[in-house]
Amino acid sequence: MAVLLEVLVRYAHFLGILLLAGTLAIELMLFKRELDRDQIQRLARIDGVYGFAAVLTLAAGLSLWWLVGKPAEYYTRNGIFHLKLTLFVIMGLLSIRPTLFLLKHRRHDSAHCEVPKSMRMTKHVEMLLLILIPLLAALMARGFGSA
Ligand code: HEM
């Protein structure tokens with residue numbers, strides 16, 4: 001029973017990650033230099049799903065850490081796990097500004113709005129971090145980074 005629960009939590013972790021990658025890829029494609037009102041609203045909806053995916057990934061990750069699978073100490077003492085967590089937190093912090101930008105402009109009446117270059121750059125960095133994190137995950141799962 002405990003093993004089945006672990007499998008389900010792992011599955012939820014992977015679903016969250018898939019959804020993160022999918023929504024981030026769509027955001028990267030749609031975040032053009034200039035956006036009209038429809039595009040802003042579409043992006044805001046996708047950004048909402050991206051936020052949900054982050055919460056799902058985090059909740060399943062925390063469960064794998066504290067509730068199911070290997071003992072919590074295995075991860076707590078692992079430097080690569082902490083690096084992975086740090087990158088995830090950086091991803092979350094980076095995503096705040098684009099989210100606020102979309103929420104603000106969603107309510108604007110103007111037909112077009114200019115997207116600052118830094119905003120699109122931020123999304124590229126988020127994608128880079130998302131590509132790096134699974135490598136750290138695979139390393140820590142095999143015992144690399146343990147004190
Ligand atoms: C974008 C964010 C994340 C990605 C891409 C990611 C990726 C992965 C992957 C690919 C695995 C499977 C590793 C393997 O079995 O080889 C994994 C496992 C795991 N993840 Fe994450 N993860 C993310 C966020 C998190 C967070 C935020 C936490 C904790 C709060 C977390 C905790 C764990 C734990 C405890 C495992 C189990 C490792 C094991 O099998 O020993 N993950 N993650």
Side-chain angles (χ1 to χ4, degrees), residues 1-35 38-107 113-147:
M1 203 60 188
V3 176
L4 187 62
L5 185 63
E6 185 193 337
V7 168
L8 290 177
V9 174
R10 277 180 180 276
Y11 179 56
H13 199 51
F14 290 140
L15 279 185
I17 294 161
L18 281 174
L19 211 53
L20 271 179
T23 46
L24 189 53
I26 297 173
E27 286 198 338
L28 270 174
M29 282 193 313
L30 297 186
F31 242 120
K32 302 263 177 338
R33 273 191 202 108
E34 216 183 71
L35 295 171
D38 282 353
Q39 289 171 318
I40 291 265
Q41 282 178 353
R42 194 170 312 136
L43 263 169
R45 277 198 301 275
I46 290 161
D47 201 54
V49 182
Y50 182 56
F52 166 78
V55 172
L56 180 62
T57 305
L58 177 65
L62 287 172
S63 305
L64 284 168
W65 183 3
W66 292 107
L67 302 177
V68 295
K70 297 169 186 148
E73 262 175 44
Y74 175 93
Y75 305 109
T76 309
R77 289 177 176 189
N78 187 302
I80 292 182
F81 176 66
H82 288 285
L83 180 58
K84 176 182 152 163
L85 277 189
T86 305
L87 296 192
F88 184 74
V89 170
I90 294 173
M91 264 184 83
L93 293 176
L94 285 174
S95 71
I96 292 175
R97 201 167 149 248
T99 299
L100 292 179
F101 176 87
L102 291 171
L103 291 178
K104 182 177 154 204
H105 287 271
R106 198 172 56 164
R107 291 189 201 96
C113 80
E114 289 236 347
V115 178
K117 206 175 171 190
S118 62
M119 201 77 69
R120 295 187 303 132
M121 192 68 186
T122 300
K123 285 287 155 195
H124 278 98
V125 178
E126 283 176 48
M127 185 56 107
L128 186 68
L129 295 178
L130 186 59
I131 289 168
L132 277 177
I133 291 175
L135 173 63
L136 300 179
L139 285 170
M140 77 177 192
R142 303 298 172 267
F144 288 89
S146 296

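Counting starts at 1 for both ligands and their atoms, in listed order.
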(request) Give the ring-plane orientation class for F31 versus F101, where under 30° counts as parallel, over 60° as perpendicular and anything between as tilted. (result) tilted
(request) Flag K84 as yes if one of its N/O/S atoms falls below 2.8 Å of atom 21 (Fe) of ligand 1, otherwise no. (result) yes
(request) Give the atoms of ligand 1, by number and element, whose distance to some non-hydrogen atom of T57 is under 4.0 Å. (result) 2 (C), 3 (C), 23 (C), 24 (C)
(request) Please confirm whether A138 comes under 4.0 Å of ligand 1, counting heavy atoms of the residue only. (result) yes
(request) Please report the closest heavy-atom contact between A21 and M127, naming both atoms and the distance. (result) O-CE, 4.1 Å
(request) Search all heavy atoms of A44 against all heavy atoms of R106 and return the closest pair with its distance. (result) CB-CD, 3.7 Å
(message) Using a 4.0 Å heavy-atom cut-off, which part of I133 comes near ligand 1: side chain, backbone, both, or neither?
(response) side chain
(request) Could you find the nearest protein heavy atom to atom 11 (C) of ligand 1 and give me its residue, atom name and distance? (result) A137 CB, 3.6 Å
(request) For atom 35 (C) of ligand 1, find the nearest protein heavy atom and state the residue, atom name and distance (0.1 Å precision). (result) L64 CB, 3.4 Å
(request) Specify the closest pair of heavy atoms between L19 and A53, including all atoms of both residues, with the distance to one decimal. (result) CB-CB, 3.6 Å
(message) If I compare all heavy atoms of H105 with all of C113, which pair ends up nearest, and what's the gap?
(response) ND1-CB, 3.7 Å
(message) Can you tell me if E34 has over 12 outside heavy atoms packed within less than 6.0 Å of its CD?
(response) yes
(request) To the nearest 0.5 angstrom, please state how far the CG atom of L28 sits from the OG1 atom of T23. (result) 10.0 Å
(request) Would you mind listing which atoms of ligand 1 come within a distance below 4.0 Å of any non-hydrogen atom of R142? (result) 16 (O)
(request) Please report the shortest heavy-atom distance between D47 and K123, naming the atom on each side. (result) OD1-NZ, 4.0 Å
(message) Checking a contact table here: which protein heavy atom is nearest atom 10 (C) of ligand 1, and how many Å away?
(response) F14 CE2, 3.8 Å
(request) Give the residue and atom name of whichever protein heavy atom lies nearest to atom 7 (C) of ligand 1, and the separation in Å to one decimal. (result) I17 CD1, 3.3 Å
(request) Provide the number and element of each atom of ligand 1 under 4.0 Å from a heavy atom of L20. (result) 1 (C)
(request) List every atom of ligand 1 that sits less than 4.0 Å from any heavy atom of F88, numbering the atoms from 1 in the order shown and giving each element. (result) 1 (C), 2 (C), 27 (C)
(request) Starting from atom 39 (C) of ligand 1, find the nearest protein heavy-atom neighbour and note its residue, name and distance. (result) Y75 OH, 3.1 Å
(request) Identify the residue among F88, Y74, Y75 that makes a ring pair (Phe, Tyr, Trp, His ring centres under 6.0 Å) with F81. (result) Y75
(message) I'd like to know if the side chain of K32 reaches the main chain of V115, judged simply by a donor and an acceptor atom lying under 3.5 Å from each other, with no hydrogens or angles considered.
(response) no
(request) Look at atom 15 (O) of ligand 1 and say which protein heavy atom is nearest, naming residue and atom and giving the distance to 0.1 Å. (result) R10 NH1, 3.5 Å
(request) Could you find the nearest protein heavy atom to atom 26 (C) of ligand 1 and give me its residue, atom name and distance? (result) L85 CD2, 4.0 Å
(request) Flag yes if more than 12 heavy atoms outside K70 fall under 6.0 Å of its NZ atom; otherwise flag no. (result) yes
(request) Heavy atoms only: give me the nearest S118-R97 pair and the separation to one decimal. (result) OG-NH1, 3.1 Å
(message) I need the nearest protein heavy-atom contact for atom 14 (C) of ligand 1: residue, atom name and distance, please.
(response) A141 CB, 3.7 Å
(message) Under 4.0 Å from a heavy atom of G61: which atoms of ligand 1 are those, numbered in the order shown and with their elements?
(response) 28 (C), 29 (C), 30 (C), 31 (C), 32 (C), 35 (C)
(message) Counting only heavy atoms, tell me which of M140, H13, K70 gets closest to atom 36 (C) of ligand 1.
(response) M140
(request) Return yes or no for this condition: an N or O of Y74 is under 3.5 Å from an N or O of ligand 1. (result) no
(request) Using a strict cut-off of 4.0 Å, indicate which atoms of ligand 1 neighbour a heavy atom of L130. (result) 1 (C)
